[in-house]
2 protein chains.
Amino acid sequence: MTADVPQSTRPVTLEDVARVAGVSRATVSRVINGATTVDPALRQVVEQAIAATHYVPNRAARSLVTRRTDSIALVVSEQEQRSVATPFIGRMFTDPYFGRVVGGLLDVLRPAGVQMMLMLVDDEVSRGQLLSYLRQGHVDGVVLVSAHGADPLPQMITETRLPAVHAGRRAQLTGVTYVEVDQRAGVQLAADHLVGLGRRRIGTVTGPQDMPAAQERLDGFLGAMARHGIDDVACVEGDFTHAGGAAAMKQLLAGRPGLDGVFVASDLMALGALPVLAREGRRVPQDVAVVGFDDSNAALACDPPLTTVRQPVEEMSSEMARLLLRQINEPGLRPPSVIFHPALVVRESA
Amino acid sequence: MTADVPQSTRPVTLEDVARVAGVSRATVSRVINGATTVDPALRQVVEQAIAATHYVPNRAARSLVTRRTDSIALVVSEQEQRSVATPFIGRMFTDPYFGRVVGGLLDVLRPAGVQMMLMLVDDEVSRGQLLSYLRQGHVDGVVLVSAHGADPLPQMITETRLPAVHAGRRAQLTGVTYVEVDQRAGVQLAADHLVGLGRRRIGTVTGPQDMPAAQERLDGFLGAMARHGIDDVACVEGDFTHAGGAAAMKQLLAGRPGLDGVFVASDLMALGALPVLAREGRRVPQDVAVVGFDDSNAALACDPPLTTVRQPVEEMSSEMARLLLRQINEPGLRPPSVIFHPALVVRESA
DNA sequence: GTGAAAGCGCTAACAC
DNA sequence: GTGTTAGCGCTTTCAC
């Protein structure tokens, strides 16, 4: 048992380690930061002293001088939606998409020793607080997930000059690096597949049309269908939730009972839509072929398993993390945006 | 237009503000920290100087002296589960439960100006990194969400002496404040309701039996049923996922075709279970009554809407945040744990 | 290769 | 009430 560990409550500092090791603070600092210009023998002594004292560096002190925090912010921006019915915040947090994003980010950030702050912006006040926080320099960069179209936040974050990466192509407008899946190519795959199956009486459950990604999926799908000579696609707007998908499907079927093919703009909505079709006596895929979008877990939970457009969310967010770290490590660099290619995953629903 | 804003790249410091305002750093500091002992006239001058210089305090410098960071860690601890099939991390992050927790925490933390770091622990290495991080004093406290039973992390976090609150009653063992719903009371409600409906041929889809909460739900449910004189409850273990609920329900029905009442230990699993019952020709609730647990959004997305045991996750996590902030503000205080009472929400499935 | 010393930006005694 | 002063714990020139 190493005995020279003071039982005092005062935290161990560099100074303490230096004293135990019999060297200067500077040398200990060098060892900790992996400088190569340290005598191997001394290095060993220092390392032992660090172990013996259970020293851990104080990040605040380090940040103060390095001006780095080794942490980034994951900013989720959504429209204010609190009401008496749903007093709590963060609709996005319960969306499986969010979980995939977090997983993909952490996959890259953790090995890099970079921490992630989770911040929600859903009104004027929180937007102001966020910007102030960012300007305080407590994060080295930001990943922005913004769902809605009219969001002023991307622009404002750009103006902080902090390294940033946006999820979604809207960032084009602000000149910030972004990562996105090629939505139009994705819906084209869905359209081609449905038409290839001989389906002609087509409907679609869309995402909320105030979200650019949802707009693009609808627009792209209609365009693709038009190129196949199909102009009368029935559309109902969903809200990217399970229940919303069910409601939209119900409405779609009511307006267009003869439907034989449906594109649902997210797997989660498809998960809600399928039971509706079953209840209304439609066999999937025999009577109605259904194609989803995302290839999330939900696609496998569907019955039958969902044919869907794969959006590699985890890979995309890992890439966001990499792009951000690169910007942080090479100030001034503005890495090119990355567009991922979707793929059709054919299962049983279409 | 205020003209005395230097266009230099050097960040504005307290010193700068003091110079512009013609006062000392200390006075500026007092104004910023809302000290009452400042002459109103001076205060105004200082505030103008702050505005004119666009000053934002440097948190690292502040933390260095106050030893506070105004941030806490949300630590998610889960078993290592990566594989070739699922290379990405964070199963928990895609669970709607997690989203509700985040929402509830943020609801309290944001108004308090406290930031939240999101940290995942899923193996030995990340556990070590977390503890080291915590000891570096970069957070003022930790909220721990630990799913599994054999987790050494709660104990280890306790040993850091950092203010902490645990989600779930396992924290009893470590003496740390916890917030939990009364699982046994909840499942009792479910059992009573099923029996009250005249159901006697009972089955249950359980959560993973390595999770204490899931164990308690099963154990409590069986106990309650036994008190009603029903000893032959059919049990199948699920995994708290949608697909897992479907699979478990299939198995349950295969083993016990005559079933007339089912308790499913989470709404998400119930969401998967209901379509299975429908496909197998069982009407809900006429043939089989189904009761869930959680009262999450999933309960409303169910068809028919799910009768379920309400677990007020958002309120519970808001309370966790409050308890944590209290500990942080009053060092040494160990606030009593809080147990929330569940309620039965009767909808159409039972 | 190593140490001495300056200072990062802030708060908190302590004088006045 | 306000200013002066002494650090908080660390990195980083700059001598040696």
Side-chain angles (χ1 to χ4, degrees), chain A residues 6 8-47 49-50 53-71 113 132-133 135-138 140, chain B residues 6 8-47 49-50 53-71 113 132-133 135-138 140:
Chain A
S8 117
T9 175
R10 182 179 63 78
V12 178
T13 72
L14 250 201
E15 183 80 53
D16 299 324
V17 179
R19 193 161 355 87
V20 170
V23 299
S24 72
R25 288 208 310 269
T27 300
V28 179
S29 177
R30 287 185 188 108
V31 170
I32 285 168
N33 295 298
T36 51
T37 64
V38 178
D39 185 277
L42 260 193
R43 154 165 271 121
Q44 186 142 359
V45 174
V46 171
E47 274 163 357
I50 290 173
T53 53
H54 299 304
Y55 169 75
V56 282
N58 178 316
R59 291 176 82 105
R62 176 179 291 177
S63 300
L64 186 54
V65 34
T66 61
R67 296 173 175 290
R68 295 239 337 206
T69 63
D70 292 323
S71 64
S132 155
Y133 184 82
R135 286 194 268 259
Q136 292 182 31
H138 217 231
D140 298 335
Chain B
S8 114
T9 174
R10 182 179 64 78
V12 178
T13 72
L14 250 201
E15 185 80 51
D16 299 323
V17 179
R19 193 161 353 88
V20 171
V23 298
S24 72
R25 290 209 311 268
T27 300
V28 180
S29 177
R30 286 184 189 109
V31 170
I32 285 168
N33 296 298
T36 52
T37 64
V38 178
D39 184 277
L42 260 193
R43 153 166 273 121
Q44 187 142 0
V45 174
V46 171
E47 274 162 357
I50 290 173
T53 53
H54 299 305
Y55 169 75
V56 283
N58 177 316
R59 290 177 82 106
R62 178 180 289 178
S63 299
L64 185 55
V65 34
T66 60
R67 296 173 173 291
R68 295 236 340 203
T69 64
D70 293 322
S71 64
S132 157
Y133 184 83
R135 286 195 268 260
Q136 293 183 32
H138 216 231
D140 298 335

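Chain A is the first sequence line, chain B the second, and so forth, proteins listed ahead of strands; every chain is numbered from 1.
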### Query
What's the CZ-C1' distance between A:Arg68 and C:dG9, to the nearest Å?
19 Å
### Query
So how far is it from B:Arg135 CZ to A:Asn58 CG, rounded to the nearest 0.5 Å?
15.0 Å
### Side-chain donor or acceptor of B:Thr53 paired with backbone N/O of B:Ala49 under 3.5 Å
yes
### Message
Of the listed nucleotides (D:dT2, C:dT2, D:dT11), which one gets closest to any side-chain atom of A:Leu14?
### Response
D:dT11
### Query
Under 4.0 Å: is that the gap between some side-chain N or O of B:Asn58 and OP1 or OP2 of C:dC8?
no
### Side chain to side chain, A:Gln136 and A:Ser132, heavy atoms closer than 4.5 Å
yes
### Task
Would you kindly compare A:Pro57 and B:Asp39 by the position of their nearest DNA chain D nucleotide and give the one closer to the 5′ end?
B:Asp39
### Query
What are the two closest non-hydrogen atoms of B:Arg62 and B:Asn33, and how far apart are they?
NH2-OD1, 3.7 Å
#### Entry: Distance, rounded to the nearest Å, where B:Arg19 contributes CZ and D:dT4 contributes P
14 Å
### Summary
On a heavy-atom basis, the closest approach of B:Ile32 and B:Tyr55 is CD1-CE2, 3.2 Å
### Message
Rounded to whole Å, how long is the line connecting atom CG of B:Asn33 with atom P of C:dA12?
### Response
7 Å
### Task
Would you please confirm or rule out a distance under 4.0 Å between OP1 or OP2 of D:dT11 and any side-chain N or O of A:Ser29?
yes
### Task
Figure out the CZ/P separation between A:Arg43 and C:dG1, and round it to whole Å.
12 Å
## Note on the structure
Whole-Å distance, A:Asp70 CG to D:dC10 P, equals 15 Å
### Query
Out of D:dT2, C:dT11, D:dT11, which nucleotide sits closest to the side chain of A:Arg62?
D:dT11
### Task
Ignoring backbone atoms, establish whether B:Ser24 has a side-chain N or O less than 4.0 Å from OP1 or OP2 of D:dT2.
no
#### Entry: A:Thr66 side chain near D:dT11 phosphate (N/O to OP1/OP2, under 4.0 Å)
no
### Query
Choosing from D:dC10, C:dT11, C:dC10, which nucleotide comes nearest the side chain of A:Tyr55?
D:dC10
### Query
Taking atom P of C:dT2 as reference, at what distance in whole Å does atom CZ of A:Arg30 sit?
8 Å
### Atom-to-atom span, CG of A:Leu64 to P of D:dG7 - whole angstrom
17 Å
### Summary
From the candidates C:dG9, C:dT2, C:dG7, the one with an atom nearest any side-chain atom of A:Arg67 is C:dG9
### Task
Give the rounded distance in Å between these two atoms: CZ of A:Arg25 and C1' of D:dT11.
9 Å
